[in-house]
Each structure stands twice: as C-alpha cells, then as structure tokens.
Amino acid sequence: MQIDEDETPAMAAPGSEAQWREPPVIRRLEESVVNRIAAGEVVQRPASAVKELVENSLDAGATSISVVVKDGGLKLIQVSDNGHGIRYEDLPILCERHTTSKLTSFEDLQTIKSMGFRGEALASMTYVGHVTVTTITDGQLHGYRVSYRDGVMEHEPKPCAAVKGTQIMVENLFYNMVARRKTLQNASDDYPKIVDLISRFAIYHTNVSFTCRKHGASKADVSTVTSASRLDSIKIVYGISIARELMEIGTSDSNPTRSVFEMDGYISNANYVAKKTTMILFINDRLVECTPLKRAIEVAYSATLPKASKPFIFMSIRLPPEHVDVNVHPTKREVSFLNQESLVNTIQDAVESKLMSSNNTRTFHTQTLTSTAMTHMVVKKDTQENFSSVAKSQKVPVNKMVRTDWRDPSGRMHAYLQDKPGSQNEKNSDLASVRNAIRLRRNPKEALDLTSVQELVREIDSKVHPGLHDIVKNCIYVGLADESFALLQHNTHLYLVNVVNVSKELMYQQVIRRFGNFNAMQLSEPAPLLELLMMALKDEDLDSTGDENDDFRKKIAEMNTDLLMKKAELLDEYFSIHIDEQQNLTRLPVVLDQHTPDMDHVPEFLLTLGYLDQ
Ligand code: ADP
Ligand code: MG
C-alpha cells in the first residue's frame with residue numbers, strides 16, 4: 001500500500017451551506033499504515049536517517065564512523081562503525097518499533113545520556129526503505145548479516161565475515177512514499193546536508209574519526225582524525241580561514257532561580273564574513289537546534305559589529321539532565337529546557353561582551369548628534385578611547401529594550417530595521433536625553449506653515465485605523481519570520497507583519513512630519529555628486545558592457561548635477577540634503593532617529609531625486 005502524503009480531506013467550499021450528512025464511520029488504521037506514517041515523521045529525509053544511524057554508532061561507543069551516500073541518500077545510505085555490535089539474540093527484534101537497549105522505565109528518560117531511547121529509528125527505516133544490518137560482537141569468530149522489511153527480518157541472520165562493529169545499509173529510502181520521494185528528488189540533493197551533519201558531529205566528537213563520501217568517490221568530503229583539539233578539528237572540517245577568526249567563549253550560571261548551566265564554545269570575530277549563520281549547538285552531547293538562542297546571538301552580532309555579517313558559532317551547553325526535555329520532537333532535534341529565556345539572555349550577554357572586549361582594532365562607524373560617519377567612504381577607525389566608551393554605554397543592548405520594556409517606543413521600530421553600529425552609540429546613551437537634544441537642535445521653524453504639507457499630515461491622521469494603531473503602539477516584537485516578515489504579539493494575538501511595507505510607510509510619514517525640520521547627519525567626507533550619479537547610472541545598465549555609453553552617462557550625470565545644484569537651496573531647506581558649492585553632497589536628513597540608512601543606496605537616491613525634480 002502506498003501513502004500519498006499530499007492527500008487532504010475533502011472540504012466544503014467556504015461560504016457554502018453546511019449540509020447535514022451521515023457521519024463517516026471511524027475505522028482503526030491498519031498497523032502497517034500507522035507504522036509508515038510514524039516512520040515518515042522520524043525519518044523525514046535522508047539526512048535525518050543518517051543522523052539516527054550515526055547517533056546509534058556513537059551510542060555503541062564507536063571511535064570510527066564512516067558514511068557512504070548514493071544519490072543524495074535515496075539510493076543508499078551506509079553507516080559503518082567499530083562499536084560494540086549487536087547481539088545475535090537481539091537481531092530478530094532489532095527493527096521492531098519501540099525496541100531499545102537504552103531505556104527501560106519512563107523515569108530513565110530524565111537522566112538519559114544516550115542519543116537514542118525511543119527505539120524507533122531502525123524500525124522506521126525498515127518501513128520506508130530496505131535495511132540490511134551486518135554486525136559482529138566482541139569475541140565472535142564471524143558476524144551476521146540480515147535484512148529487514150516493515151520491522152521484521154526477511155530471513156534468518158546469515159553468518160558472514162565482518163570487521164569489528166556494525167554496518168547498517170539503508171537502500172531505496174521512501175520507495176513506498178511517492179510524494180515524499182518526488183519532493184526529495186525535485187529538491188536539491190540531500191548530500192550537502194549530510195556532509196554538513198557529519199561535519200558538525202566531527203567537530204564535537206574529537207575522539208571519534210569520521211569520514212563521509214559519495215558512493216564510488218575516492219575522496220572523502222569529510223575526514224577527521226581522533227584526538228585533535230576542538231579548534232584543530234574545526235580547522236580540518238571548516239578550513240583554516242574560519243578557524244583563524246574564532247574566539248573561545250564560555251560562561252555559566254549556577255543560580256537555580258535563573259538557570260543552571262555551563263557553556264563553552266567558539267564564536268567568530270569581527271573579521272569573519274558570511275551571509276548565513278552557522279550555529280552548531282550541542283546540549284548535553286546532543287546535536288540540537290534552539291532557534292531562540294540562535295536568534296539572540298544573531299541580534300548580539302548585528303548590534304555590536306559594524307559589518308552585517310552573520311556569525312559562526314560552535315557551542316556546547318551542559319544542563320542538569322532533568323532540566324532538558326529531549327522528548328519533545330520525534331527526531332529529538334529541537335529540545336526544550338527549563339529557564340530557557342534566562343539561559344538565552346546569559347549567553348547573549350556573554351557573546352556581546354566577548355565581541356566588545358575582544359577586538360580593539362576593528363572599524364567602528366561613529367554617529368554623534370552633530371555628525372555622522374557611516375559608509376565605506378566615511379568609516380572611521382576607532383581608538384581605544386572611543387571603544388571603551390562604546391563598551392560602557394552598551395550596557396543595555398537595544399534588543400533587550402525590545403523585550404523588557406515593551407512600552408518604550410524606542411523598542412518598536414528599530415527591531416525591524418537592521419541595526420547599524422553607526423546608530424549604536426546613540427542607542428546606548430539614554431534615549432530620552434538623545435531625543436530631547438534632537439528636539440532642541442531642531443530648527444524651530446514650523447514646517448506646518450506649508451498648507452500642502454499640512455494637508456498630507458491631515459490625510460495621514462484621518463486614515464489612522466484605531467485598532468491597528470493600538471496594535472502597532474502596544475505590540476511586543478517577537479522575532480523575524482524571514483527577510484520580510486516579523487512576528488508581533490498584541491494581547492493574546494500573534495501578527496505577521498510585512499516589515500518592508502511597514503518601514504516604507506513609516507519612512508514616508510516621518511518625512512512628511514519632519515518636512516522642513518530634519519535633523520541632519522554630516523558625511524565625514526564630502527561626496528562628489530557627479531561621481532555618485534555616474535555610479536548610479538552604471539548600476540542601472542549593468543548589461544551594457546562597452547565604454548561607448550560612458551559619454552552618454554556623463555552627459556546625464558552632468559545634467560542631473562546641474563539640476564540638483566539649482567535646487568540645492570530648496571533641498572537643504574526642506575529636506576536637509578545639503579550640497580556644497582563644489583557640487584559635493586555633505587549632509588543627509590535623519591528620517592528616523594537611531595537608524596542609519598544604507599549608504600550603498602545614496603547614488604541611486606540622488607539619481608531618483610534628479611528624476612523627481614524634472
Ligand atoms: P534507539 O537508538 O532509540 O534505542 P534505534 O532504533 O535507533 O533505537 O536502535 C535500536 C537498538 O539497536 C539500539 O537500542 C541499539 O541497542 C541497537 N543498535 C542500533 N544501531 C546500533 C549500532 N550501530 N551498534 C550497536 N547497536 C546498535
Ligand atoms: Mg537510535
């Protein structure tokens with residue numbers, strides 16, 4: 001029998017009158033169906049099968065584990081170890097559901113040290129693939145080989161030659177789950193995921209040597225030796241260029257009212273550059289994921305370091321076993337534990353202070369109330385002095401404000417916006433005093449003199465939706481769902497908010513309200529208009545290669561420069577966009593306090609400004 005996972009029950013069309021029908025008969029599912037459904041949960045994809053097999057090998061005390069994969073794991077997954085092997089007498093029930101050597105009573109779960117305990121992994125694989133086990137235990141002259149289908153042996157175990165330990169082969173994974181096989185085949189190969197997984201195991205278990213290769217390949221993609229130090233194994237697996245940029249970190253807490261744990265690990269420094277976070281997390285020896293922790297560390301990075309780089313994190317956390325619930329997920333991937341929030345906060349603090357104390361040569365962007373420097377063109381090297389003042393004033397990181405005092409308006413918007421360290425100095429100081437200072441500095445001239453602007457303000461005010469307004473005003477920022485959506489909580493409701501759209505609207509309203517009253521940020525070096533415009537024009541038509549367009553571009557750039565020069569006074573007065581006599585851009589408006597715009601877009605901004613003026 002085949003299961004089509006995409007099958008959904010027929011539903012009445014929305015809005016149609018519900019008709020009275022005979023209730024359908026409830027039947028007991030066939031056991032084979034139940035098992036296959038359950039199996040699909042434990043073994044979600046080839047990489048999850050590999051994880052279970054490797055964990056079994058680790059539980060068996062192996063010091064050498066090798067993985068061979070064919071066709072992304074769909075054709076073949078083979079994991080061989082030199083562990084203690086499986087007793088001949090246990091082979092008949094080895095692949096039955098809920099047979100395990102690791103757990104006897106429910107209470108054991110509280111102190112379980114092994115990776116497995118549910119006795120489901122091997123069984124699951126036999127329901128969705130063909131499993132063959134070859135094993136030999138200590139003192140035996142020969143080993144045994146036996147194949148399994150749907151939890152049972154296909155034949156008596158056959159004596160065979162074997163090397164110490166166990167080899168488990170899973171062939172034709174998901175052969176009987178059409179939909180899953182198709183999705184996996186269409187999606188990219190699972191092999192990179194498997195390599196990634198083995199890499200993670202390899203750097204944690206430095207006393208175990210790992211290899212991982214594609215079937216038929218002569219070279220392994222992961223290959224480690226035992227007894228290397230943690231940093232050495234990171235070097236071997238991830239390369240010297242990453243290992244070089246890592247700093248050791250550790251922290252602990254022993255206050256039972258908060259959290260009890262020990263953490264040690266390695267985190268990347270300010271020189272490390274990556275688009276995606278690599279977070280390798282072990283909790284009580286278990287490779288797991290903990291999204292809140294990952295997110296908190298990312299926030300610490302983006303709030304502390306100038307580059308918007310994502311970190312590389314290796315962390316091992318030890319908790320009292322009774323504080324961890326490893327049983328929350330069928331694949332045991334996500335764990336939950338007591339006092340999670342407190343632990344996350346403590347680790348976040350540790351990461352933050354490590355980042356700040358470790359590096360006094362990194363580049364800082366500075367932004368004070370009177371001047372701002374923030375781009376490639378205007379980066380300033382920090383000195384020890386301003387570094388320590390930053391360090392001191394960063395006691396209350398901005399992300400904490402979001403969480404701890406949700407009524408504080410400062411917490412609301414910059415949680416959505418990328419934290420640029422340029423704005424960091426400001427955030428650190430007392431926000432209220434910063435605001436006051438800004439207000440005082442503002443040109444006292446009333447922008448609302450202009451009726452057209454007044455009208456726009458009125459239009460905004462008249463469109464205020466009281467319900468939405470209250471949500472935005474009193475919401476709690478939960479986290480980013482992806483690049484454009486954030487989760488907000490308001491009372492008992494959770495909202496998904498398109499941050500891009502909200503930011504645009506916010507910026508628009510800010511511009512209208514500050515019209516003629518903008519606070520300005522000063523560029524540390526005047527930026528020549530003509531060059532900026534040329535840059536923008538070049539960016540616009542990337543595909544045209546030749547230089548023949550250069551003259552043409554130059555003409556347009558010159559025209560636009562003239563235009564902006566003509567409007568310079570107006571731009572300065574109303575928008576605080578200041579252009580000096582030498583045709584340089586020197587000042588830009590602060591549209592949103594504490595937010596530093598991305599200076600890469602300045603050329604494009606000027607170009608559109610020119611278009612708008614025409
Ligand atoms: P669990 O790991 O939760 O006990 P599994 O289905 O993964 O359940 O494995 C069932 C049992 O098979 C394990 O408890 C263990 O005794 C045995 N086993 C599985 N793989 C190996 C291995 N590589 N070496 C030795 N024993 C193994
Ligand atoms: Mg297991």
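Both ligands and their constituent atoms are indexed starting at 1 by order of listing. Basis for what follows: all heavy atoms, side chains included, without hydrogens, waters or symmetry-related copies.
- Not one N/O/S atom of T100, from backbone or side chain, sits under 2.8 Å from the Mg ion (ligand 2).
- Note on residues 228-264: pairs passing ring pair (Phe, Tyr, Trp, His ring centres under 6.0 Å), not counting sequence neighbours, are Y238-F312.
- Under 4.0 angstrom from ligand 1, the non-hydrogen atoms of T99 all belong to its backbone.
- Considering L94, T135, I86, L91 as possible partners of P157, the one that fulfils the side chain to side chain contact (heavy atoms under 4.5 Å, CB included) test is L91.
- The shortest N or O to N or O distance between K102 and ligand 1 is under 3.5 Å.
- Ring geometry for H493 versus Y495: interplanar angle of 30 to 60°, hence tilted.
- Using a cut-off of 4.0 Å between Lys/Arg side-chain N and Asp/Glu carboxylate O, D232 and K235 are scored as salt-bridged.
- Considering backbone and side-chain atoms together, E52 places no N or O closer than 3.5 Å to any N or O of ligand 1.
- At a heavy-atom distance under 4.0 Å, no atom of E55 approaches ligand 1.
- Checked against a 3.5 angstrom limit, the closest N/O atoms of A123 and ligand 1 fall outside it.
- Proximity of T100 to ligand 1, defined as any heavy-atom pair under 4.0 Å, is shared by backbone and side chain alike.
- Side-chain contact between L494 and Q489: present, with at least one pair of heavy atoms (C-beta onward) separated by less than 4.5 Å.
- Residue contacts with ligand 1: I86 is placed with no nitrogen or oxygen under 3.5 Å of a nitrogen or oxygen of the ligand (distance criterion only).
- The aromatic rings of H205 and F282 sit perpendicular, their planes meeting at an angle over 60°, well past the 30° parallel limit.
- Counting the atoms of ligand 1 from 1 in the order shown, those under 4.0 Å from a heavy atom of A60 are 24 (N), 25 (C).
- Interface atoms of ligand 1 facing F117, defined by a heavy-atom separation under 4.0 Å, are 1 (P), 3 (O).
- Counting non-hydrogen atoms of other residues, nucleotides and ligands closer than 6.0 Å to NE2 of H142 gives a total above 12.
- The shortest N/O to N/O separation between D59 and ligand 1 does not fall below 3.5 Å.
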